[in-house]
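Report on the following structure.
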Amino acid sequence: MTSPLSRSRSRRATSHIAVRVAHAVLGGLLAVGWLLLPVARAGADEVRAAPGRGGTSTGDLVLPLVAVVAAGALAAYSYARRTRRARTRTTPGGGTPHPVPFTELDRRAGRLLVEIDDCVRTGTEELGRAADRFGEEAVETYTEALAFARSELTASFRLWQRLDDSLTDDSLVRRQLLEEIVARCSEAGRRLDAEAPGFDLLRALERTLPAALESAQARLRELAARTPAAEATLTELRERYAPSASLSVVGHVEQAKDRIVFATSRLDQARKSLDREEGARATAYLRAAEAAVDQAGLFMDGIDRLASELASAATLLPGALRDARAELAAARGLPAVGALPGRITHAASAVADVRREIAGGARPYDPLGALRRVADAAAPLLAEDRVPVDRAFLDRAFLDHALLPARSAVALASDFVTTHRGAVGVEARTRLSEAERHLALAPRTLVDVRRADGLALEAQQLAERDVRAYGNPYAGPEGAGVGGAVLGGILLDDTPEAPAASFGGPRTRGRRDYF
């Protein structure tokens, strides 16, 4: 990453070069004048020696001409210097560059975070397809570039979360955080942009288009065949569990079908372009189709994964309730310090509610939600350091039970952002990034897992809010799934020749010429 210090040095170096060039030009003019001075004197002596001649000699004009040119150069140099000082001065007599307005810096940082997150998501998808085709070693350079960009992005999201969590009004601190976000995201984008041409040469889809088209078509047929089973699974989830259990995947089948329609259309266009020997155009259509196939797969997989997680949660619940009851009994034997008695009572009430909910069997319930509530029962006991509880025991007793709901929430939020990234803003992406970071901490603690779970749920809510504000892309006149493809970030706009998002940074991800 280029540091602000090095960037300021480069700007100062540029200004110093300009000053040195101006000095050199001025010195050159004075040297020319000095060389011409004897000629001017000779001309003047000749005129005095021949008084009978009329008019003005060439020598008479040399000195005035040199003087005029020198004066003009000095005036131009002085004007340029004053103008530069006026543009960069923030206070009378100061030399500090005028800072970017805070609101503009804030907008720029947020825009870059969303943009680089899109680049990383698209790059991950494209890299996966390239690795499947050419092997891990062939894509090592691009894997490293993507890892670097992801690292910078994660650090930037963490800084943005600090801004959201901060209660300080110190504008200098906030400005520094925003400037670091801009610098990190810009460096990540430059790295991806630099690797984009090489990645295109690696894939060289134009050389293997027939085989690549057939592979995408086979994958598309497989997903289309899974649609009835996905619909049946979703119906079963609605009948077996409470509505909240399957709410996050409602609409997945319809959106998968929409991506399948778009992929079918793009594959047909790719074949027609290939028949006309328009390889680059066919490649662009194929890349869009491949991305749509991937997203259709995400929708289908999300339904199957949730069904498995709900079944696992239902199996884990009896053991989680036993562990909770044992821990609460041990906590009642501790000295009544601070708010501990009240916290124990609250936790016991929450666990009792879950036990009654699953014991009756008369009404369906949400196993993941119930497991989450049991894990949350330990939270009051960890709320104060003064409470003398065995935190290691709490982690052992509740960590495994808390992991399943947290992983489920993070995966659902990640899939939602990926398949709706054309509309999801910076807040939802920040919460998701932080949830993933907390879930990946080693060693994990119950506090970390619960934090990841809460952030993922918040990310889901914020992302759904953004999509509602975006509007319904499936009701538009575009047809052939174009609206959904734009919502999913597959296409960068809804024009007839919209570019498909590709591996690269902000400057190259929307490129139309691939070779």
Side-chain angles (χ1 to χ4, degrees), residues 1-10 100 102 104-128 130-131 136 139-166 173-199 410 413-414 417-418 421-422 424-442 452 455-456 459 462-463 489 492 501-511:
M1 183 184 70
T2 304
S3 68
L5 180 59
S6 63
R7 289 194 295 271
S8 65
R9 284 176 177 168
S10 64
V100 177
F102 186 84
E104 174 59 29
L105 184 61
D106 184 79
R107 282 194 297 269
R108 184 182 178 193
R111 184 180 67 250
L112 277 172
L113 278 168
V114 170
E115 202 167 41
I116 299 302
D117 190 46
D118 281 347
C119 292
V120 168
R121 290 179 185 277
T122 300
T124 301
E125 296 161 357
E126 289 255 304
L127 193 64
E136 296 291 340
V139 300
E140 185 176 354
T141 298
Y142 312 106
T143 302
E144 291 174 356
L146 196 60
F148 171 79
R150 187 180 290 110
S151 174
E152 293 294 278
L153 180 65
T154 300
S156 298
F157 274 131
R158 192 173 184 186
L159 292 172
W160 190 274
Q161 184 68 51
R162 281 181 58 190
L163 285 170
D164 287 347
D165 293 340
S166 176
V173 172
R174 297 181 71 83
R175 174 176 289 278
Q176 289 172 342
L177 292 176
L178 289 172
E179 286 175 345
E180 184 174 351
I181 290 172
V182 169
R184 285 181 177 273
C185 288
S186 298
E187 192 63 27
R190 280 192 291 270
R191 178 73 179 272
L192 293 175
D193 281 327
E195 301 296 347
F199 186 82
V410 169
S414 179
V417 172
T418 295
R421 59 181 179 261
V424 177
V426 65
E427 287 81 10
R429 296 171 192 249
T430 301
R431 304 301 183 273
L432 174 59
S433 177
E434 282 292 280
E436 292 171 337
R437 185 180 67 83
H438 277 278
L439 197 59
L441 290 175
L455 285 166
L462 290 169
L492 298 184
S502 306
F503 181 98
R507 291 192 301 104
T508 55
R509 72 187 184 109
R511 58 195 181 278

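Numbers here simply count residues along the sequence, with the first being 1.
In this view, Val182 and Leu105, Arg108, Ala109, Leu112, Ser186 satisfy the side chain to side chain contact (heavy atoms under 4.5 Å, CB included) rule, not counting sequence neighbours. The salt bridge (Lys or Arg N to Asp or Glu O under 4.0 Å) test applied to Arg437 returns Glu434, not counting sequence neighbours. Considering only residues two or more places apart in sequence or on other chains, Ala459 meets the side chain to side chain contact (heavy atoms under 4.5 Å, CB included) condition with Ala413, Arg431, Leu432. Partners of Arg111 under the salt bridge (Lys or Arg N to Asp or Glu O under 4.0 Å) rule, at least two apart in sequence or in another chain, do not exist in this structure. Thr124 pairs by the side chain to side chain donor-acceptor pair (under 3.5 Å) definition with Arg150, not counting sequence neighbours. Residues satisfying the salt bridge (Lys or Arg N to Asp or Glu O under 4.0 Å) criterion with Arg507, sequence neighbours excluded, are Asp193. Checked against salt bridge (Lys or Arg N to Asp or Glu O under 4.0 Å), Glu125 has the following partners two or more places apart in sequence or in another chain: Arg421. Listed by chain and residue number, nothing satisfies the ring-ring contact (aromatic ring centres under 6.0 Å, His included) test with Phe157 (two or more places apart in sequence, or in another chain). Every side chain to side chain contact (heavy atoms under 4.5 Å, CB included) that Ala456 has, sequence neighbours left out, goes to Ala409, Val410, Ala435. Under the side chain to side chain donor-acceptor pair (under 3.5 Å) criterion, Thr418 pairs with Arg121, sequence neighbours left out. Every residue two or more places apart in sequence or in another chain that forms a side chain to side chain contact (heavy atoms under 4.5 Å, CB included) with Leu492 is listed here: Pro499, Ala501, Arg509.
In this structure, CG on Leu177 lies 5.0 Å from CZ on Arg162, to the nearest 0.5 angstrom. Note: Arg158 CZ to Asp165 CG = 11.0 Å, rounded to the nearest 0.5 Å. Atoms CH2 and CD, on Trp160 and Glu180 in that order, are 13.5 Å from each other to the nearest 0.5 Å. Separation of atoms CD (Gln176) and CD1 (Ile181) is listed at 12.5 Å; rounding is to 0.5 Å.
Between Ala194 and Pro197, the shortest heavy-atom contact is O-CD, 3.6 Å. Taking both residues in full, the closest heavy atoms of Ile116 and Ala188 are given as CG2-CB, 4.2 Å, listed atom of the first, atom of the second, then distance. Residues Ala428 and Leu462 come closest through the heavy atom pair CB-CB, 3.7 Å. Closest approach of Phe102 and Arg175 over heavy atoms only: N-NH2, 3.6 Å. Between Pro506 and Gly189, the shortest heavy-atom distance links the atoms CD-CA, 3.6 Å.
The main-chain N or O of Thr430 is never found under 3.5 Å from a side-chain atom of Ser433 such that the two would form a donor-acceptor pair. Between the side chain of Arg429 and the backbone N or O of Val424, at least one donor-acceptor pair lies under 3.5 Å.
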Under 3.5 Å, which donor-acceptor pairs link side chains of residues 139-149 to any protein atom two or more places apart or in another chain?
residue : atom : partner : partner atom : Å
Tyr142  : OH   : Gly198  : O            : 3.0
Tyr142  : OH   : Phe199  : N            : 3.4
Thr143  : OG1  : Val139  : O            : 2.9

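A heavy-atom distance below 4.5 Å is not found between the side chains of Asp117 and Leu113.
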Does the side-chain contact (heavy atoms from CB on, under 4.5 Å) test come out yes or no for Cys185 and Glu115, once each step is laid out? CA-CA 9 Å; Cys185 288; Glu115 202 167 41; over 6 Å; no

Go through it in stages, so that I can follow the logic: the residues are Glu187 and Arg190, the test is salt bridge (Lys or Arg N to Asp or Glu O under 4.0 Å), and I'd like the CA-CA distance, side-chain angles, deciding distance and then a yes or no. CA-CA 5 Å; Glu187 192 63 27; Arg190 280 192 291 270; 2.6 Å; yes

